[in-house]
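To start, the structure under review is shown below, and the notes come after it.
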Amino acid sequence: MFDTLSDRLAATFKNLRGKGRLSEADIDATAREIRIALLEADVALPVVRAFIKQVKERAAGAEVSKALNPAQQVIKIVNEELVGILGGETRQLRFAKKPPTVIMLAGLQGAGKTTLAGKLGRWLKDKGHTPLLVACDLQRPNAVNQLSVVAERAGVGIYAPEPGNGVGDPVQVARDSIEYARTKQHDVVVVDTAGRLGIDQELMEQAADIRDAVSPDEVLFVVDAMIGQDAVNTAEAFRDGVGFDGVVLSKLDGDARGGAALSIAQVTGRQIMFASNGEKLDDFDAFHPDRMASRILGMGDVLSLIEKAEQTFDQQEAEKMAAKLAKGPKEFTLDDFLAQMEQVRKMGSISKLLGMMPGMGQMKDQINNLDEKDVDRTAAIIKSMTPGERHEPTIINGSRRARIAAGSGVDVSAVKNLVERFFEARKMMSKMAQGGGMPGMPGMPGMGGGPGKKKGKPQKKAKGKRRSGNPMKRKEEEQAAADRKAASGGAFGLPGAGEGPESFELPKEFRDMLPPGQK
């Protein structure tokens, strides 16, 4: 959604780089370009004016004029001001001291309230809560059925005593749901209310009646991030007519200009608390203003990437992988190779994961052209192999490749390429496990290649060094060498490599999925 804005800001900052000192004319030109970029992104005019005024005042101050790198200091100022208009610090949900906590969803029809209720229920369930979805949208056709389906997919409870389609009293349903939640021991109640195509008195009165009936701990206004300035106008009307505590942005993965997200918190004085950025139930998370600002400026979102890894990767599996790699590279098989790729796939869309990495803003076209089904084809190829072939791919000759290709529905060249990629990955992981560090990267603690290593060509083993002829002494030497190898550290949970899933390196398969000519 913020691609155009990110591109404009990147071009603006590029003009600043290389300047040892910024003149007043440079600051004015930069402010003008930022103003145009924000207006093109459909940001509200009052927000743009306040933002530019603050940036210019700070850029003309001592923090830039005395900085060693003025251009970087201006980028830092823009980043901090972006965080400010996006709401500042992340706001967490308020939970009731005595359960159940009641969360009411409000918004226009079509904003995605019903689907978002399921996403919020799934998110709460993953956090250890037992949410209950309440069907109070009794007007829109099949709204109750839709919420029932979403609740089932999310694995959460639902309270829907009325069939809907114009039948039933939504206020009474909302009131009865609280006692039902206490009886069934649900600690969070999510009330899905009806919407309208536009703001009207009937909508406001019904929302206000439901609010008064359940006394919610949080009223969340759900807004479609793709409708631009109308989102801000609607939010102001709801704030004045019903009142709400926080904002939830839906459809943040759309291709609209994104001005609503950059305007709504500043204009309404209510923070954005959640964002939905896809159609799947897990495409939903808390909204972090600092991380969103970092993405807009093309600096990635490493913290969110690490959180996804922590939620996905299994530490026990990592320890098993470490033990295999410690024994030698041949212990790492195609089954392990497949398991690693499937773990990454569980983290979500590969394109979205790459978009969280710093510097990837310059590769948007390549990332958008990634073939997400490449992992599925890889899995099909590996599963078409015999256990012996998966354990030792060197035995795969021409006839075996033809058989595997026929069984997985791919070309023979695809099988050959996969085996070659596997050998490269195994070689790299073996080097990391033995303390060699990542090829082409400076050494990291526990991964070899550290400050103690000399630059230049790798050192060769001393000539003439031979094993002892004494069997007992030779056994002691071999044991000492094995101990040094096991203690050298590396990836996947080996000593010194970090204890959490963040120590994992993203696999080379990402690059292999790029179309020809874009690798």
Side-chain angles (χ1 to χ4, degrees), residues 308-309 311-350 353 370-436 438-439 478 481-482 485-486 488-495 497 501 503-514 519:
K308 282 184 174 291
Q311 295 168 5
T312 305
F313 283 89
D314 189 328
Q315 185 64 25
Q316 291 184 347
E317 289 297 323
E319 291 172 358
K320 289 180 182 178
M321 190 66 63
K324 280 193 172 188
L325 288 170
K327 292 178 182 178
K330 289 190 176 180
E331 293 296 320
F332 183 72
T333 67
L334 274 166
D335 286 323
D336 302 321
F337 185 67
L338 177 61
Q340 291 296 310
M341 288 198 302
E342 288 180 339
Q343 287 274 48
V344 173
R345 186 63 180 270
K346 288 179 183 177
M347 291 173 64
S349 166
I350 294 174
L353 294 178
L370 282 176
D371 189 351
E372 298 277 353
K373 294 184 178 180
D374 191 66
V375 174
D376 297 330
R377 283 190 285 271
T378 299
I381 293 171
I382 295 176
K383 290 175 181 178
S384 297
M385 298 178 183
T386 65
E389 291 167 344
R390 291 198 293 268
H391 186 266
E392 187 46 73
T394 55
I395 67 173
I396 300 177
N397 53 25
S399 61
R400 289 176 182 264
R401 280 197 294 268
R403 190 201 78 244
I404 295 168
S408 54
V410 299
D411 295 332
V412 174
S413 60
V415 180
K416 183 175 180 292
N417 291 337
L418 169 62
V419 175
E420 290 175 353
R421 282 159 51 188
F422 167 72
F423 285 132
E424 289 176 8
R426 187 164 75 173
K427 187 186 301 182
M428 180 187 72
M429 294 170 69
S430 176
K431 186 174 182 180
M432 291 169 63
Q434 296 175 19
M438 283 288 289
E478 291 172 352
K485 180 179 177 181
S488 63
F492 304 104
L494 287 173
S503 61
F504 282 78
E505 294 289 338
L506 290 175
K508 176 178 173 293
E509 275 54 52
F510 283 152
R511 295 198 304 274
D512 292 329
M513 288 184 215
L514 290 174
K519 296 184 180 180

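Heavy atoms only: backbone and side chains are in, while hydrogens, waters and symmetry mates are out. The structure presented is a predicted model; accordingly, all values stated were derived computationally and were not measured.
Looking at R401 and V419, their side chains never come closer than 4.5 Å, going by heavy atoms from C-beta outward.
Counting all heavy atoms, side chain and backbone alike, V412 lies closest to A402 at CG2-CA, 4.1 Å.
To the nearest 0.5 Å, the span separating NZ on K383 from CG on L338 amounts to 6.0 Å. L418 contributes atom CG, which lies 5.0 Å from atom CD1 of I381 (distance to the nearest 0.5 angstrom). Interatomic distance, CD1 of I382 versus CZ of R377, reported as 13.5 Å (0.5 Å rounding). For the atom pair NE2 of H391 and OG1 of T386, the computed distance is 11.5 Å after rounding to the nearest 0.5 Å. Note: I396 CD1 to F422 CZ = 9.0 Å, rounded to the nearest 0.5 Å.
A side-chain donor-acceptor contact under 3.5 Å links N397 to the backbone of R400.
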